[in-house]
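Remember, it's 1-based here, ligands and their atoms both numbered in the order they're listed.
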Amino acid sequence: MNSVVRDVTEFASTQNSTSSLAGLQGVVESLQAISYWKVFFTVVCVGLVWDQISYQIKKGSIAGPKYKMWPVIGPFLESLDPKFEEYKAKWDSGPLSCVSIFHKFVVIASTRDLARKILQSSKYVKPCVVDVAVKILRPSNWVFLDGKAHLDYRKSLNGLFTKNALAQYLESQEKVMDKYIEKFIDFSADNDYKPQVFFHEMREIMCALSLKAFCGDYITEDQIRKVADDYYLVTAALELVNFPIILPFTKTWYGRRTADMTMKIFEKCAQMAKDHIAQGGKPVCVMDAWCQLMHDAKNKDDENSRLYHREFSNKEISEAVFTFLFASQDASSSLACWLFQIVADRPDVMDKIRTEQLQVRNNDPSKPLSLDLIDEMKYTYMAVKEALRYRPPVLMVPYKVKESFPVTANYTAPKGAMLIPTLYPALQDPEAYENPNEYIPERWVEGSPANEAKKNWLVFGSGPHVCLGQTYVMMTFTALIGKFAMYTNWEHEVTPLSEKIKVFATIFPQDDLLLSFKRRDPLTGAVKA
Ligand code: HEM
């Protein structure tokens, strides 16, 4: 402060006019009276007032706290431990509501039509990723592309998840299913068949199924176990706000270490897949299918083939395959937990699945899985689809506003805001689904209102970023629950927390799913301890 005063005094001394001298002297005296503390508090006060004013301007007429109750940070502390009930209260507060955390202004859209509109408005929005996701997935990753660049890249990946491509992965996936049927029975036997937490087992089987589908036999059993054991470190690292640099031994450090380790494994698998296809091998996993598409495209010049004219490097393949694991692991584990719980709690549904599984196999339970066989499992498919509606794994999909977006006639979301279309309320909307709180697989029979209104089906999102793995999910889970229903008898211990929802990236039963599996004869139904 003294140097400013000195400068002003020197400046004043060079002026001749007495009146201006007197004025400047006044300024000098005022400045001398100001302490650093006063300046500091003034800046803080102006900042706080501006924080509130800027919140009011962005909020406009939509629902949301009248003021930022916690200046600057907003409800940051709540966001570290999200509660389903708090989310629900927010959705119920209005079709559009808002909250402000630090400098981030967040708008939540909680009706079907608004959610769909946002998901399909790629002119105004792009997927919003937490800062740490860029560090974990690496900035060069395709998932961070936007607009045409994203569309073009996405086209080259679509071919890996068509029904015909997925049919090629079924053989190795069935082996994993058989193995885990034994594993779950052994695990239960070790606990005298008393129900125990299966949350971790469900995450493990999902990871093993995905890794087999993505990497086939190029990935070893030990590597699968290592990735399955460590993957939760990646989920745990994905907090909304993180320290800007990754410090050793923090959650983000462990998350990135796991991601790097997994991508290294994938790079080696990618080379093995290239070698296998170059030697004329048949594709049995996603990596093979990718190499086959590149191989087949060499001598063709149609639009589709041109997508594969360049050589995708092992690193690029490994990064893309990691995004498949990243996108699938939490959502699939959530579906697995709810599906096993729901079916166990409803013996009528279990019976129908079992009857159908034998019927489609002409009473030969050992008939291997195939695309045609799964296509015939109509009831089992509906049971999976209804579980996804009843307990949609992904509650919300955060997007970022690229340019001011007139979401409704009365509200324009400001550029830079986070805009979150919510899927849960859309899938529980009584106008779209009669008795939405009830689990009714039959609501999906062909020709029914729910099944006909395809645009309401937002479980996998909508628009250019719609889930790449949705057909994979439906096929894999239909096959999986069908096989478990035939070969095992599982019991679920219902607790007061079973139907309550816990949020851990996706959603899970709050009691972590207490199950016990016994071996079952698929033909006689006899249960063996
Ligand atoms: C129950 C399981 C799953 C659910 C509920 C689910 C749901 C979703 C949702 C809601 C989105 C955002 C869509 C949007 O922004 O419009 C998404 C994106 C995505 N999902 Fe899934 N997903 C599941 C499993 C999978 C699996 C198994 C894979 C891979 C094999 C996968 C790969 C992806 C990818 C790559 C994206 C980003 C697509 C893009 O940006 O173009 N998902 N998923």
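Distances below 4.0 Å separate heavy atoms of Tyr472 from the following atoms of ligand 1: 27 (C). Distances below 4.0 Å separate heavy atoms of His150 from the following atoms of ligand 1: 39 (C), 40 (O), 41 (O). Atoms of ligand 1 found under 4.0 Å from any heavy atom of Arg154 (numbered from 1 in listed order, with element): 38 (C), 39 (C), 41 (O).
Taking a 4.0 Å cut-off on heavy atoms, Pro127 fails to register as neighbouring ligand 1. For Leu423, the closest heavy-atom approach to ligand 1 falls below 4.0 Å. At least one heavy atom of Val397 lies less than 4.0 angstrom from ligand 1. Remark: distances from the non-hydrogen atoms of Trp142 to ligand 1 include one below 4.0 Å.
Contact annotation: for His465 versus ligand 1, heavy atoms closer than 4.0 Å belong to both the backbone and the side chain. At a heavy-atom cutoff of 4.0 Å, ligand 1 is contacted by no atom of Ala213, backbone or side chain.
Taking CH2 of Trp444 as the reference point, atom OH of Tyr379 lies at 14.0 Å (rounded to 0.5 Å).
When all heavy atoms of Ala289 and Tyr169 are compared, the closest pair comes out as CB-OH, 3.4 Å. Between Pro509 and Trp338 the shortest heavy-atom distance is N-CZ2, 3.3 Å.
With salt bridges taken as basic N to acidic carboxylate O contacts below 4.0 Å, one links Lys274 and Glu311. Under the 4.0 Å criterion applied to side-chain N and carboxylate O atoms, Lys212 and Asp217 are assigned as salt-bridge partners. With respect to the salt-bridge test (charged N to carboxylate O, under 4.0 angstrom), the residues Lys148 and Asp152 qualify.
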Would you list the atom pairs, donor with acceptor, under 3.5 Å between side chains in residues 433-442 and any protein atom, with sequence neighbours excluded?
residue: Tyr433; atom: OH; partner: Asn456; partner atom: O; Å: 3.4
residue: Tyr439; atom: OH; partner: Ala383; partner atom: O; Å: 2.7
residue: Glu442; atom: OE2; partner: Lys352; partner atom: NZ; Å: 3.0

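Closest to atom 29 (C) of ligand 1, if we only count protein heavy atoms, is Phe324 O, 3.8 Å. Annotation: atom 15 (O) of ligand 1 to nearest protein heavy atom, Tyr399 OH, 2.6 Å. Closest to atom 30 (C) of ligand 1, if we only count protein heavy atoms, is Phe161 CE2, 3.4 Å.
Taking the ring centre of Tyr308 as origin, the terminal cationic atom of Arg306 falls outside the region bounded by 6.0 Å and 45° from the ring axis.
Residues passing the salt bridge (charged side-chain N to carboxylate O under 4.0 Å, His left out) test with Lys88 are Asp92, sequence neighbours excluded. With sequence neighbours excluded, no residue forms a salt bridge (charged side-chain N to carboxylate O under 4.0 Å, His left out) with Lys415.
Between the side chain of Thr476 and the backbone N or O of Tyr472, at least one donor-acceptor pair lies under 3.5 Å. With Glu174 contributing its side chain and Leu369 its backbone, the two residues share a donor-acceptor pair below 3.5 Å. Not one N or O on the side chain of Thr506 forms a donor-acceptor pair closer than 3.5 Å with the backbone of Ser334.
Shown here are the protein N/O/S atoms lying under 2.8 Å from atom 21 (Fe) of ligand 1, water excluded: Cys467 SG.
Close N/O approach between Ser462 and ligand 1 is found [any backbone or side-chain N/O within under 3.5 Å]. The distance criterion of under 3.5 Å between nitrogen or oxygen atoms is not met by Thr323 with respect to ligand 1.
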